[in-house]
Amino acid sequence: MAVSDHVDLNQFMEGVKKRNPGQTEFVQAVQEVAQDIFEFIDDKEEYHEAQILRRIAEPDRVVSFRVCWEDDNHNIRVQRGWRVQNNNAIGPYKGGIRFHPTVTESVLKFLAFEQTFKNSLTGLPMGGGKGGSNFNPRGKSDSEVMRFCQSFMNELFRHIGPDTDVPAGDIGVGAREIGYMFGQYKRITNRWEGVLTGKALEYGGSQMRPEATGYGAVYFLRNMLQHNDEDIEGKAALISGSGNVAVHAAEKFTEMGGKVLTLSDSDGVIHDPDGIGQEKIDWVKELKFEKRGRIKEYAEEFSGAEYHEGAEPWDFEADVALPCATQNEISEDEARKLVDNGVKAVAEGANMPTTIDGVEVFRDAKLLYGPGKAANAGGVAVSGLEMSQNADRISWNTEKLATMLEDIMGDIHEKTVEYGTEGDYVNYVKGANIAGFKKVADAMLAFGVV
Ligand code: GLU
């Protein structure tokens, strides 16, 4: 007989902190989930007995490896690479690769943990993983990036596979990097298989994959607004970031009749009171993806727009916000600014951009708040559809994929409302945590002690 005298939330979190010293991002991600899950499983002894949350919060494995490469000046450079395989109860590990100087084991563990819940919410058979390196692609030549990606794959290839673990892009990893890594995987293994997603269309990529995360976040935002008898038409948005997620969120928001006021990067923010419409978005895409420039150049190109060095989008007035940059960009102070600046709804295109204190501010103000694991799940959902197309050796058209993406985001919204409704308020964080947890937990119960 198991001892039914189970630990409470505080004891559980003390254990997580003790086992993961110094890993603040990971502890934060677990805490945000644990508070809702403890409430949900309070009267469900089987989840306690089987220690389900304790097991999900312990990655299946963390692989760490050296990545050695030569820069253009023939200096030998050494970076660290990781793949965190968090949980494969409901499908092969799935999640992006991040190349950024802020990458640590803690950051990747938090992302892999979040990914487990997010992937579950999509309804597709995907487990959770994440990988990356502290390599900074900024300022590197194409051949340096290629050599780094090839070296990274020389080690990563032995840990991944189309039925094992399927990485994709994330911050610092776009079509260029995926191309170099896929090419190297194919070269080493002599196998063409759907081992990475986010590939270009010529070699097995999916229509709608580049757009999916940003478009999906806007669909989720629209669904939250419609649930409250409102819509995007005529609303003004603050968007942070200027990468793939941010520009596609801006595109869909504009298409739905809204006005985008800001985009940003780690140096500052551009504020354009005329709105960042489709032509300007196309210009930003070229600036960022081809010229690899900085967002301040926008204000030199478009009169009427202002560049604010060191500022954040949250300093401006608007109706809604889409944080699409990185983790912890909205702490308590920024959350207050958003509320004071009139923002009524927030949908996260980035992963965990709001701190726990920031989330509390949103909740107290009864903001419509769609956390990343629900709102940005469109990207990985279309990755899942890319896997299906690769497995079947077919390509679906844009129309079919656009409909599937919109439907998946609608389903996620429905599930989060089902588990998150508290009187007249929808606690989307709780809804996402419980709906994401339940599917993984029930699969794990079926497997017994593994
Ligand atoms: N990096 C993205 C995310 O955070 C996409 C992952 C994927 O497509 O596998 O969900």
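In listed order, ligands and their atoms are each counted from 1.
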Measure the distances from the heavy atoms of Gly169 to every atom of ligand 1 and state whether one is below 4.0 angstrom.
yes

Name the closest protein heavy atom to atom 9 (O) of ligand 1, giving the residue it belongs to and the distance to 0.1 Å.
Lys94 NZ, 2.7 Å

Does Asp165 pair with Lys94 as a salt bridge, N-O distance under 4.0 Å?
no

Taking everything shown except Arg187 itself, do over 12 heavy atoms lie less than 6.0 Å from its CZ?
no

A student checking ligand 1 against Ala168 at a 4.0 Å heavy-atom cut-off should list atoms 7 (C), 8 (O), 9 (O)

Evaluate whether atom CZ of Arg55 has more than 12 neighbouring non-hydrogen atoms of other residues, nucleotides or ligands under 6.0 angstrom away.
yes

Are any of the N or O atoms of Asn376 closer than 3.5 Å to those of ligand 1?
no

How far apart are the closest heavy atoms of Ala377 and Ile412, and which atoms are they?
CB-CD1, 3.7 Å

If you scan protein heavy atoms around atom 6 (C) of ligand 1, the nearest is Gly96 N, 3.6 Å

For residues Phe99 and Phe148, establish whether the separation of their ring centroids is below 6.0 Å.
yes

Name each donor-acceptor pair under 3.5 Å that joins a side chain in residues 391-399 to protein atoms two or more places apart or in another chain, with its distance.
unit_1	atom_1	unit_2	atom_2	d
Asn397	OD1	Glu399	N	3.4
Asn397	OD1	Lys400	N	2.8
Thr398	OG1	Gln207	OE1	3.2

Could you tell me, atom by atom, which parts of ligand 1 come under 4.0 Å of a heavy atom of Lys118?
3 (C), 4 (O), 10 (O)

the protein heavy atom lying closest to atom 8 (O) of ligand 1 turns out to be Ser383 OG, 2.5 Å

Closest to atom 5 (C) of ligand 1 (heavy atoms only, candidates Lys130, Gln115, Arg209, Glu114) is Arg209

Go through ligand 1 atom by atom and flag the ones less than 4.0 Å from a non-hydrogen atom of Gly95.
9 (O)

Measure Leu111 to ligand 1 on non-hydrogen atoms and call it side chain, backbone, both or neither using the 4.0 Å cut-off.
neither

Whether the His413 and Tyr428 side chains hold a donor-acceptor pair (N or O, under 3.5 Å, no angle test) is what I'd like checked.
yes

